[in-house]
Amino acid sequence: MKILVCIKQVPDSAQIRVHPVTNTIMRQGVPTIINPYDLFSLEEALRLRDKFGGEVTTLTMGPPMAAESLRKTLAIGADRAILLTDRFFAGADTLATTYALAQAIQKIQKTWGDLDLVFTGKQTIDGDTAQVGPGVAKRLNLLQLTYVSKIVEADAEKREVVIERRAEGGTQVLKTKMPCLIAMLEGTNEVRRGSISDSLRAARAEIITWSAKDAEIEDLGKCGLKGSPTIVKKVFAPPVRTDRAAFVEPGKNAGESADVLIEAIFKRHPALEEDMTKLASGF
Amino acid sequence: MSDKPAPAAPQQSRASAKKELPEHFRGYKHVWVFVELERGEVHPVSWELLGAGRKLADQLKVDLAAVVLGAPGEATRNAVKESFVYGADLAYLVEDSILGDYRNEPFSKAVTQLVNTHKPEILLLGATTLGRDLAGSVATTLLTGLTADCTELAVDADGSLAATRPTFGGSLLCTIYTLNYRPQMATVRPRQLPTPVRDETRVGRVVEFKADLDEDKIITKLLKFIPDRESSKSNLAFADVVVAGGLGLQSAENYQLVRNLASALGAEFGGSRPLVQKGWISSDRQIGQTGKSIRPKLYIAAGISGAIQHRVGVEGADCIVAINTDKNAPIFDFAHIGIVTDAIRLLPALTEAFRKRLSPENADRLAG
Ligand SMILES: Cc1cc2nc3c(=O)[nH]c(=O)nc-3n(C[C@H](O)[C@H](O)[C@H](O)COP(=O)(O)OP(=O)(O)OC[C@H]3O[C@@H](n4cnc5c(N)ncnc54)[C@H](O)[C@@H]3O)c2cc1C
Ligand SMILES: Nc1ncnc2c1ncn2[C@@H]1O[C@H](COP(=O)(O)O)[C@@H](O)[C@H]1O
């Protein structure tokens with residue numbers, strides 16, 4: 001089975017700081033990680049390869065330093081890694097990103113043969129749009145399966161895939177045909193650590209690096225800032241509430257504290273008492 | 001890379017670039033809301049969107065249209081009626097037996113055809129699993145911009161949609177415009193915007209639309225739908241009272257204190273993300289950026305520090321009560337009422353005190 005996994009290198013968002021004066025993101029020294037959601041898709045891809053044979057290629061579009069993240073995917077067990085990097089791609093929104101990725105994926109298919117499956121993560125933790133997967137699928141005319149909680153069956157011979165998908169009120173069991181694009185839900189599998197031989201191989205492996213020209217991107221006007229219909233007009237920190245919580249002094253014991261707290265709540269929101277009385281008695 | 005706010009400099013120059021809408025987009029008019037109807041039920045985010053859409057349409061002096069796709073029948077017709085009650089002027093109705101369950105292929109086809117025929121300037125969808133799956137394909141097919149997971153929508157002086165969304169895990173907000181392309185598309189998080197007041201007297205015009213759909217040409221088939229078990233299903237997003245716990249509770253056993261209080265109040269219970277990771281609660285009970293957004297009248301947070309990713313999911317609450325041993329915990333920066341004390345000891349007392357206070361005898365007193 002020939003499988004491609006799109007990954008993205010992202011700043012470790014727990015550590016993002018905003019400059020208090022200029023309101024810009026302070027990236028210096030912020031460590032980067034593979035977008036955590038992508039790892040569930042990578043794991044699923046590796047499992048299918050282990051079961052059916054074939055190869056797993058990882059692809060990212062990003063700055064040269066994103067090669068680090070790709071190397072990690074090799075250490076986890078991917079067979080080949082491709083970095084798409086060029087100044088033409090800078091400032092891309094999702095539409096421009098999916099254009100470049102889709103073009104690169106076509107070049108990958110020209111070079112190494114047609115893909116059976118393409119995986120993306122559910123969403124990124126920096127862009128957070130969950131749009132790149134559906135966009136790539138649309139551009140490549142792949143059937144799309146998002147929020148997948150389980151791959152029930154993938155039959156390379158019959159070219160059929162059966163999956164479970166998280167819907168709003170339950171789980172859909174869907175059957176579709178390869179080639180298709182799958183975005184796994186988080187927490188759906190245990191991401192492997194990779195073997196020692198994989199990490200040795202990864203340390204020495206070549207990260208295939210493609211410029212826009214190498215990837216044979218047809219129309220540079222559809223890439224990067226130029227190809228992006230959306231623009232970010234303003235970036236700002238969430239408004240800070242200047243008033244802190246009104247503190248209630250705890251009583252001598254928990255019982256007293258509970259009483260003063262309830263008093264404070266109902267004093268602030270008198271209507272709550274009636275609402276909550278109804279709710280507590282079950283109607 | 002996508003919708004990424006930094007670096008600020010080059011984008012600012014682009015932001016001030018002259019906006020000239022190409023000729024063929026000038027005819028795109030009116031605000032549309034996609035009404036999310038699945039298996040006969042409308043996702044409440046649709047009504048929230050109609051509330052927001054109404055304001056945008058009034059400002060732009062255009063119509064607000066609901067887009068209803070569904071299988072022929074009562075539920076679909078009802079969704080149309082309800083759309084008027086919540087503020088729509090008209091509804092585009094696509095009735096087809098193919099559209100009873102959500103699947104990407106027929107839904108994105110139908111919506112794309114509808115947009116290409118009737119040309120809206122703004123198209124809003126809920127940021128649900130359905131809405132996000134659909135919006136990404138529709139926007140790419142139409143080659144237009146899409147701003148995901150917005151928390152606020154406005155129209156600026158020249159009539160463009162200003163869509164504001166959190167980014168970098170909620171530590172920043174950014175306002176995004178779609179220049180020179182139509183429709184301007186956005187998905188909006190459930191429970192971020194208020195549900196509009198119902199107006200039962202409102203009626204509207206129905207425009208039926210025949211989409212070119214053929215089951216034989218749709219490759220993806222639904223084999224089965226397994227509904228969430230009603231009993232264990234969390235109704236967090238729509239609960240009036242929510243009690244939640246965090247790592248400060250120190251053990252799964254102590255988390256039971258949160259459930260006890262919730263049960264005494266007839267409330268829903270939830271928690272911070274680490275509790276899901278520890279397996280103390282199921283993932284549909286996680287509150288915050290990567291969990292549920294809630295908008296209750298009362299939110300009680302016990303032993304939760306109030307990290308930004310938690311905060312963005314609870315800020316819509318009318319009254320936030322925080323119980324924390326650390327008076328400097330960030331949660332006190334956005335809670336309305338705080339108490340610096342041990343939650344493990346306070347929770348049982350609070351459960352008891354609420355029981356007494358909210359007992360039926362007291363209810364009689366209130367009513368009398
Ligand atoms: C990409 C990303 C997404 C995330 N999404 C979410 C999300 O959706 N929701 C979410 O909640 N988090 C999310 N997080 C995690 C978030 O950053 C915090 O780590 C998390 O919210 C902290 O949980 P906590 O408050 O329970 O634990 P802690 O931060 O450890 O806080 C425990 C608190 O309990 C207090 N405490 C200790 N003992 C007691 C006691 N006996 N009585 C009372 N108080 C006590 C402490 O003072 C402390 O304030 C996300 C993180 C990332 C990176
Ligand atoms: N620059 C990129 N390079 C490769 N894959 C990406 C890139 N951006 C997004 N993706 C993929 O698309 C998914 C959804 O991203 P997003 O739409 O940004 O939330 C991610 O989980 C990745 O798998």
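Because the structure is a prediction, the values reported are computed rather than measured. Letters go in sequence order (proteins before strands), and every chain restarts at 1.
Among the candidates Ala349(B), Gly136(B), Ala267(B), Gly338(B), the residue making the largest number of heavy-atom pairs closer than 4.5 Å to chain A is Gly338(B). With respect to chain B, the highest number of heavy-atom pairs below 4.5 Å among Glu164(A), Gln123(A), Lys138(A) belongs to Lys138(A). For the set Ala167(A), Ala246(A), Pro134(A), the entry with the most heavy-atom pairs within less than 4.5 Å of chain B is Ala246(A). The choice from Lys122(A), Glu186(A), Arg165(A) that makes the most heavy-atom pairs within less than 4.5 Å of chain B is Arg165(A). Among Lys222(A), Arg268(A), Lys177(A), the residue making the largest number of heavy-atom pairs under 4.5 Å with chain B is Arg268(A). In terms of heavy-atom pairs under 4.5 angstrom with chain A, the leader among Val321(B), Leu134(B), Leu130(B) is Val321(B). When each of Thr141(B), Val241(B), Val138(B) is scored by its heavy-atom pairs under 4.5 Å with chain A, the top score falls to Thr141(B). When each of Asn104(B), Ile218(B), Thr140(B), Ile320(B) is scored by its heavy-atom pairs under 4.5 Å with chain A, the top score falls to Thr140(B).
Of the two parts of Ala137(A), neither the backbone nor the side chain holds a non-hydrogen atom closer than 4.5 Å to a non-hydrogen atom of chain B. Of the atoms belonging to Leu261(A), it is side-chain heavy atoms, and not backbone ones, that fall under 4.5 Å from chain B. Within the 4.5 angstrom heavy-atom criterion, atoms from both the backbone and the side chain of His336(B) approach chain A. For Tyr181(B), the part lying near chain A is the side chain, with the backbone staying farther off; criterion is any non-hydrogen pair under 4.5 Å. Of the two parts of Thr144(B), only the backbone, made up of N, CA, C and O, holds a non-hydrogen atom closer than 4.5 Å to a non-hydrogen atom of chain A. Within the 4.5 angstrom heavy-atom criterion, only side-chain atoms of Ser108(B), from C-beta onward, approach chain A. Contacts between Ile331(B) and chain A at a heavy-atom distance below 4.5 Å are absent for every atom of the residue. Looking at Ala139(B), only its backbone comes within 4.5 Å of chain A, counting heavy atoms on both sides. For Arg166(A), the parts sitting under 4.5 Å from any heavy atom of chain B are the backbone and the side chain alike. In this structure, chain B has no heavy atom under 4.5 Å from any part of Val161(A). Both the backbone and the side chain of Val340(B) come within contact range of chain A, judged by heavy atoms closer than 4.5 Å. For a residue to count as touching a neighbouring chain, one of its non-hydrogen atoms must lie under 4.5 Å from one of that chain's; by this rule Glu105(B) touches chain A with the side chain only. The part of Leu143(A) that comes within reach of chain B is its side chain, from C-beta onward, which places non-hydrogen atoms under 4.5 angstrom from that chain. Both the backbone and the side chain of Ala335(B) come within contact range of chain A, judged by heavy atoms closer than 4.5 Å.
Side chains of Gln289(B) and Asp128(A): a donor on one and an acceptor on the other come within 3.5 Å. A donor-acceptor contact under 3.5 angstrom links the side chains of Asp156(B) and Tyr177(B), judged on distance only. Checked by atom type, the side-chain pair Tyr102(B)/Asp133(B) shows a donor-acceptor distance below 3.5 Å. A side-chain donor-acceptor contact under 3.5 Å links Ser69(A) and Gln9(A). No donor-acceptor contact under 3.5 angstrom links the side chains of Thr290(B) and Gln309(B), judged on distance only. With hydrogens and angles left out, the side-chain atoms of Thr164(B) and Thr175(B) include a donor and acceptor closer than 3.5 Å. No side-chain N or O of Gln172(A) forms a donor-acceptor pair with one of Arg103(B) less than 3.5 Å apart.
Remark: Arg311(B) engages Glu315(B) in a salt bridge, criterion side-chain N to carboxylate O under 4.0 Å. Taking a cutoff of 4.0 Å between a charged side-chain nitrogen and a carboxylate oxygen, Asp318(B) and Lys297(B) do not qualify as a salt bridge. A salt bridge is defined here as a Lys NZ or Arg NE, NH1 or NH2 lying under 4.0 Å from an Asp or Glu carboxylate O, and Arg132(B) with Asp149(B) meets this definition. Using a 4.0 Å cut-off between charged nitrogen and carboxylate oxygen, Arg357(B) and Glu273(A) count as a salt-bridge pair.
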### Task
Using the side-chain hydrogen bond (donor to acceptor under 3.5 Å, both in side chains) rule, take Gln184(B) and Thr178(B) through it: C-alpha gap first, then chi angles, then the decisive distance, then the call.
CA-CA 6 Å; Gln184(B) 307 161 83; Thr178(B) 296; 5.7 Å; no
### Message
Determine whether Glu36(B) and Ser46(B) satisfy the following criterion, side-chain hydrogen bond (donor to acceptor under 3.5 Å, both in side chains), listing intermediate values before the conclusion.
### Response
CA-CA 6 Å; Glu36(B) 185 172 323; Ser46(B) 312; 5.5 Å; no
### Query
side-chain hydrogen bond (donor to acceptor under 3.5 Å, both in side chains) between Glu168(A) and Thr129(B): does it pass, once the steps are laid out?
CA-CA 6 Å; Glu168(A) 287 299 316; Thr129(B) 57; 3.1 Å; yes
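Here the CZ-CD1 distance, from Phe332(B) to Ile337(B), works out to 11.5 Å after rounding to the nearest 0.5 Å. With values rounded to the nearest 0.5 angstrom, Thr60(A) atom OG1 is found 5.0 Å from Ile7(A) atom CD1.
Within residues 247-257 of chain A, the residues having any heavy atom closer than 4.5 Å to a heavy atom of chain B are Phe247(A), Val248(A), Pro250(A), Ala254(A), Gly255(A), Ser257(A), listed by residue number.
Taking the six-membered ring where tryptophan is involved, the planes of Phe354(B) and Phe266(A) are perpendicular, since the angle between them exceeds 60° and thus also 30°.
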